Amino acid sequence: MSGKPDLDIAPQPTPLLSERWSGVPSRLTSEASTARTRLYSNKTLPHSAPRQRPARLPPGLSESDFSTAVKDLRQSIGAENVVINDQPLKDGWYLEHPNTHDAFHVVEQEELVCSAVVYPGSTEEVQKVVRWANKHLIPIYPISIGRNVGYGGAAPRVPGGVVLDLGKRMHSILNVDGENASCMVEPGVTYFKLYEEIQNRGLPLWIDCPDLGGGSVLGNAIDRGVGYTPAGDHFANHCGMEIVLPNGELLRTGMGAIPGPDGTDSPVWQSFQNSFGPKIDGVFSQSNFGIVTKMGFWLLHEMPHRSYCFTFAQDEDFPRIVEAIRPLAQKGVLGNIPQLRHVVQELNVTGRRKSTFHDGEGPMTREEIRRAAKELPLGDCSWVFYGTQYGDAQSVERQLGVVKAAFSDIEGTKFWLPEDVPQDHYLHSRVQVNSGVPILRELDWLNWLPNAGHLFFSPITPTRGKDAQKIHDMIVAGHKKYGFDVFPTLCIAGREMHYIANVIFDRADADQKRRAVALLRELVDDCAKEGFGEYRTHLLFQDQVARTYGWGDQALMRFNETIKDALDPNGILAPGRCGIWPKRFRGRGWELGLEDVDMKVIGPKL
Ligand code: ADP
């Protein structure tokens, strides 16, 4: 599937938020246009190519069964809301967010694809689709926006499943409560949309957003994504959900289970998370137990803030940096979820190509990184710590004094404020993200390779020098073995850090894709042997990761399967998501593990 760029099919202009639910706010028009031009100019793959294989059908259905089922669904929710996925696939780019397949395909592009996309317009229509799926035994896979890049995008785990794209017609901000500092959103509300709405209303409130602002507030939270303000743990800051269960019934969690007077919602739905009895919200995150159609979130009050960074001189300083950070984070001196990044990330966030710094194949050498970093604003260094302190000027000054003192023993440490670096330096982007302003800056590193796609390897790492070093060493050794540059970012809390290693590959290069898979398989296995596991992973690694949480002869998985079978006896809802397979699929060759590196066909093994 490689070849000349298909220049006849020009990329679509990026729609604005005023034109499309998933568009960009007008303040980012120029950034979006620059990002798109750069990405498209670094592309050798055609925008689309004719399909090599027939369109996928749901497993177990004949063409005529499927066509009867589609007719049935079209009658129930409108023909225009059911679209068969039989056209050439387009990877597009972040803002086009295809809902037909995994745009960052690490296997053949046509492998992780759906048979059709369905657009429900209300909770009632979601219930209709669920009942339809039960009737025809068709797996359905809900997405909110489908920009879950690096983790499988919009693709269903079972090829030929039907994608339920909730965002297109269910994207209302149902409530923003300025007094309670909370909101209630539908699946298609992006960080961009929520942020702009709060600005338009002139409320002195912040949202928390991840590095890229085009994702779904609800989708990111139920996939347990993180951001960078003091409310960076998105699931921990949700309050109340409405869920369609796999049998079509409707459930409200938290105080939402109390009906309000005269058919209204409970006035405390967004005020108290725990309600009464078992707290069940958690089982609807990273699972396939329900479809979330509404979700409440707490918002922050805006506050003065000061972003900064520290640079460290030596790669070997890593465990000492971690040791210095731990007490700061545990005592709450660090106001947010700060990041520790290796200096190589300073190179790729410039948006420049790897070929600017390095000739030929293979990863960059440390010497090349050093030489290139010398020319950049922070200079030749090893690790960069990006933090933000919150509060009035005096308080921030005092907090910064404590942080500086903690790092002062590490020789060669330098402290930088935004005014010390040029306007286009990454530190200015952190000022925005760390105060809840959603942007697009993080797209820049996708220019590193032509046709770049990426996978995240994301183990939970103790905030303890010795263990962090052990995990880092494994990641470095694995990347070296499989020939990839190492891009580590650590999102730091007091007791653990989300280590996010970003494996960037060229989608036109089958060998690179194979090596990326082999690297991830091996890292998951290596970390598990030391008792470490991932917080989140790409669809194709979810079985393997889930099985590493196998204490007590897979007690956790057996518990999850018990819930799955009780709630979803027909196994229609996102089979295989997070490694949880319903009875109908379980043990029939769908599960993928360490040995599955050459994944030519995703389906039951004979
Ligand atoms: P984002 O665009 O914010 O990254 P996605 O819409 O891609 O988020 O959602 C991330 C993952 O969470 C999806 O792959 C899907 O498995 C799951 N998911 C998303 N929205 C829902 C929902 N409303 N109900 C249940 N699961 C969902």
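Count residues from 1 along the sequence. Note that this is a predicted model, so its numbers are computed, not measured. Note that these values count all heavy atoms, side chains included, but never hydrogens, waters or copies made by symmetry. In listed order, ligands and their atoms are each counted from 1.
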Just to confirm my output: which protein heavy-atom neighbour is closest to [atom], and how far is it?
atom	answer
atom 2 (O) of ligand 1	R147 N, 2.7 Å
atom 10 (C) of ligand 1	N148 ND2, 3.4 Å
atom 24 (N) of ligand 1	V292 N, 3.0 Å
atom 13 (C) of ligand 1	P142 O, 4.1 Å
atom 5 (P) of ligand 1	G146 N, 3.5 Å

NZ or CZ of R430 within 45° of Y228 ring axis and under 6.0 Å: yes

Taking the six-membered ring of Y141 as reference, does the NZ or CZ atom of R157 fall below 6.0 Å from its centre and within a 45° cone about the axis? no

Quick one: which ligand 1 atoms are inside 4.0 Å of a heavy atom on [X]?
X	value
G290	25 (C)
N220	3 (O)
S216	1 (P), 2 (O), 3 (O)
L218	23 (N)
L166	22 (C), 23 (N)

Check: [X] N/O within less than 3.5 Å of ligand 1 N/O:
X	result
I145	yes
I143	no
D223	no
I222	no

Using non-hydrogen atoms of the residue, decide whether A574 is closer than 4.0 angstrom to ligand 1. no

Sub-4.0 Å heavy-atom contact, G225 with ligand 1: no

Where does the angle between the aromatic ring planes of [X] and [Y] fall among parallel (under 30°), tilted (30 to 60°) and perpendicular (over 60°)?
X	Y	answer
W581	F585	tilted
H234	Y191	tilted
F541	H538	perpendicular
Y151	Y535	perpendicular

I'd like the name of whichever of Y151, F284, Y141 reaches closest to atom 14 (O) of ligand 1 through any heavy atom. Y141

Option set G150, G153, S144, A154, criterion heavy-atom distance to atom 20 (N) of ligand 1, minimum: S144

Under 4.0 Å between heavy atoms, the region of R577 that gets near ligand 1 turns out to be side chain

Measuring from atom OG of S76 to atom CD of E125, what distance do you get when rounded to the nearest 0.5 angstrom? 7.0 Å

Rounded to the nearest 0.5 Å, what separates atom OH in Y195 from atom CD in Q432? 8.0 Å

Kindly say whether A69 contributes a backbone atom to a donor-acceptor pair with the side chain of W132 at under 3.5 angstrom? yes

Tell me whether R577 contacts the main-chain N or O of S287 through its side chain, where contact means a donor paired with an acceptor under 3.5 Å. yes

Taking every non-hydrogen atom, the tightest pair across G533 and Y549: C-OH, 3.4 Å

Are R536 and D223 within salt-bridge range, i.e. N to O under 4.0 Å? yes

